[in-house]
Amino acid sequence: MACRFSRLLALAIKIISPTKGLNTSAQIFELMQFYPQGITVQELSERLNRPVSMLNLCLKSLVASKKVVARKNHNQWVYTRPIVKIKNCC
């Protein structure tokens, strides 16, 4: 019986290769330019077809590096790109 279980378990594992293009954090950052009012993790999940748990890890890193700003709106976190202040050069 143990042997049968191990064969079933081995069949359930699928090795995937990375895809070419932007990583998930870069995709989040790029997508946010189209949502200046902000976007929730659920909306990001729908747009990028990624699990919420993965996006939360990426957002945590982006917030820590100050590339993304998080604010709480009612009961949801909303993520935006920070406003860049341009100094008057003249």
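What you see below is based on every heavy atom in this structure, not just the backbone, and it leaves out hydrogens, waters and symmetry mates.
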Residues clustered with Leu57, ILVMFWY side-chain links under 4.5 angstrom: none
Under 4.5 Å side-chain linkage, directly or through intermediates, the cluster mates of Val78: none
Please tabulate, for the side chains in residues 29-45, all donor-acceptor contacts under 3.5 angstrom to protein atoms that are two or more places apart in sequence or on a different chain.
residue	atom	partner	partner atom	Å
Gln33	NE2	Glu30	O	3.4
Tyr35	OH	Arg47	NE	2.8
Thr40	OG1	Glu43	N	3.2
Thr40	OG1	Glu43	OE1	3.3
Glu43	OE1	Thr40	N	2.9
Ser45	OG	Arg50	O	2.7

Do Ile28 and Val52 sit in the same hydrophobic cluster, where Ile, Leu, Val, Met, Phe, Trp and Tyr count as joined when their side-chain heavy atoms come under 4.5 Å apart?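 Same cluster.
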Between side-chain atoms of residues 59-66 and protein atoms elsewhere (two or more places apart, or another chain), which donor-acceptor pairs fall under 3.5 Å?
residue	atom	partner	partner atom	Å
Ser65	OG	Ser61	O	3.2
Ser65	OG	Leu62	O	3.1

From Leu48 atom CG to Thr24 atom OG1, the distance as rounded to the nearest 0.5 Å: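 Going from the CG atom of Leu48 to the OG1 atom of Thr24 covers 7.5 Å.
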How would you list, by chain and number, every residue that makes a side chain to side chain contact (heavy atoms under 4.5 Å, CB included) with Pro82, sequence neighbours excluded? Val69
Quick check: does any side chain N or O of Asn23 sit under 3.5 Å from a backbone N or O of Ala26, one acting as donor and the other as acceptor? yes
Residues, nucleotides or ligands: over 12 heavy atoms within 6.0 Å of Asn49 CG: no
